[in-house]
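Each chain gets a letter, A, B and so on, in the order its sequence line appears, and its residues count up from 1.
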Protein chains: 2
Amino acid sequence: MAAGRRASRPPRTSVWLEDGPASRRRTGAEQPDGLDRDRIVAASVRLLDADGLAKFSMRRLAAELGVTAMSVYWYVETKDDLLELALDAVLGEIALPGEAPDADWRDQLRQLAAEYRRMLVGHPWVSPMLGRYLNVGPRAMEFANAARRVVERAGLPGPLITGALAAVFQFVYGFGTVEANWNSRCRAAGVGSDEYFRQVFARVRGRDEYAASLDLMEQRGGDTVDEMRQRDFDTALECVIAGIEAMRGRAAGDAGAGPDGGSAAGGAP
Amino acid sequence: MAAGRRASRPPRTSVWLEDGPASRRRTGAEQPDGLDRDRIVAASVRLLDADGLAKFSMRRLAAELGVTAMSVYWYVETKDDLLELALDAVLGEIALPGEAPDADWRDQLRQLAAEYRRMLVGHPWVSPMLGRYLNVGPRAMEFANAARRVVERAGLPGPLITGALAAVFQFVYGFGTVEANWNSRCRAAGVGSDEYFRQVFARVRGRDEYAASLDLMEQRGGDTVDEMRQRDFDTALECVIAGIEAMRGRAAGDAGAGPDGGSAAGGAP
DNA sequence: ACCTGAACACCGTTCAAGT
DNA sequence: ACCTGAACACCGTTCAAGT
């Protein structure tokens, strides 16, 4: 992967955390038909969506842009930096809850979780990227801040908030990862989700190790793979929400407050 | 990645789901100094642990084994297959709960979650692999079956079990992924976890988008990064466990059963 | 300021040969 | 049955040069 690196670069924390004035490269669109970062990032997202992370290369991207491979390097330092830019770009697709002080935090959490999942499934290359980078781009921060605000409104004691955040959004990340991976496999095999399931099922049937898991799937309910997934996602999310309510109830019980409502952001002691 | 493929192979579901009698390649150790699958897989795990997924190549592996690159291809079909074998091998490091009918399912769940997390953090290359493969190897199935048995003992209605499983183990997957990624970055930067945090913190301080998240971290409690992480992990896990208990309580309330105990594996209605 | 071409140091994998 | 060598079709990136 890091091939041909003659003088090895020091590891960078993130494109977003360079020192110096923003970036030495131009960022805005000067000429209408010239290259610029936005155009490069947009083309990258297009290619990543179409062919996946494994097939994405600087040379293919350059070809897509009608340009030589090395031209792109005028605008981005490395392929890794470019991928980090593309990642933050698609994080912008997550619809964030507006300022609605009377809205139920549970509904906002459900909406935000659904949006996050939608984005992961829509761009199967995103999940591996999220696992590689620091995720401190502007869109990543907006998403993180929105998630934090929603969970804060549940009224948990301050020290529990980051844990509750992890319970919700790391779950969605894991769930979305599996889902996106599954869909990618179906696409590669050229069959639909249910047909792919049937094929795997057929290969697995009759082997003892798999018997118990297959039984379990039959209890799950729902006719199609998509329906089973949706049911599991909803169940799991309601499970975490119920857990947050239970933890808040315990804390409120200690403090003598009522079991519902919750007084916004819990400040530290 | 799939470079040099002259006649393109059909996409394989998994090494573990080949048709035909097991595998056409030899698997056992014939000669004491010859190659075999086990030795190759063990060397792969060693290299992956030492240098990471990005630096792992068939040529480097061959060098480690004192052999030519193409020798390995006698025992495995592709690099992807080899990685799938290595993945399942380390899944075997997860200690599974024994048959203890009187044990508390919560304790067993805590133990299994901690083991899964330990494995993910111990082998940072595992998380990306889990996101790429079907995970139907023998160790993967043993783990999945153990997880299922534990969650079944919580006494949830049948259709809720897979959702609860997802809530627990997809969370651990996401959490462990972030943690492993962070540790890899520290290693690459050549600094400890707390020093790396200090460095990122310094670069981020003063930028508005980051202010709220930094505030939040200060509420989290704990002195070191590791302590904060442990606290969040425990909080999140207790949150999900509380959620499972709440869901069971609701279901039991409907059915007229008591709030505790739970009668083992919930059969479907 | 922006883009190109050639080159370097790698990849995974095929194929024909060796033993 | 097992292993090698050479080759093919790719990579990311450097560097010197062009406009």
Checking contacts here: which listed nucleotide (C:dT13, D:dT13, C:dT4) is nearest the side-chain heavy atoms of A:Val67?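 For the A:Val67 side chain, the nearest candidate turns out to be C:dT4.
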How many whole angstroms separate atom [atom1] of [X] from atom [atom2] of [N]?
X       : N      : atom1 : atom2 : value
B:Leu65 : D:dC2  : CG    : P     : 16 Å
B:Leu61 : C:dC11 : CG    : C1'   : 14 Å
A:Glu77 : D:dT13 : CD    : P     : 10 Å
B:Met70 : C:dA16 : CE    : P     : 13 Å
B:Arg37 : D:dC2  : CZ    : P     : 13 Å
A:Tyr73 : D:dG12 : OH    : P     : 6 Å
B:Met58 : D:dA9  : CE    : C1'   : 17 Å
A:Lys55 : D:dG12 : NZ    : P     : 15 Å

Parallel, tilted or perpendicular: ring planes of B:Phe143 versus B:Phe169, cut at 30 and 60 degrees: perpendicular
To the nearest 0.5 Å, tell me how far A:Leu130 CG sits from A:Asn135 CG.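 That separation rounds to 5.0 Å.
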Work out how far the C1' atom of C:dC10 is from that of D:dC8, and round it to whole angstrom. 15 Å
Under 3.5 Å for both donor-acceptor distances, Watson-Crick or wobble: does C:dA17 have a partner, and if so which one? none
With both distances kept under 3.5 Å, what pairs with D:dG12, Watson-Crick or G-U wobble? C:dC8
Taking the six-membered ring where the residue is Trp, are the ring centres of A:Phe171 and A:Phe233 under 6.0 Å apart?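 Between A:Phe233 and A:Phe171, which both carry aromatic rings, the centre distance is below 6.0 Å.
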Taking only side-chain nitrogens and oxygens of [X], does any of them come within less than 4.0 Å of OP1 or OP2 of [N]?
X       : N      : value
B:Trp74 : D:dC3  : no
B:Ser71 : D:dT4  : yes
A:Ser57 : D:dC11 : yes

Earlier contact from the 5' end, DNA chain C, for A:Arg59 and A:Thr68: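 The residue whose closest nucleotide sits nearer the 5' end is A:Thr68.
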Can you find a heavy atom in the side chain of B:Trp125 that is under 4.5 Å from one in the side chain of B:Val90? yes
Is it the case that over 12 heavy atoms from other parts of the model lie below 6.0 angstrom from the CZ atom of B:Arg187?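 Incorrect, the count does not exceed 12.
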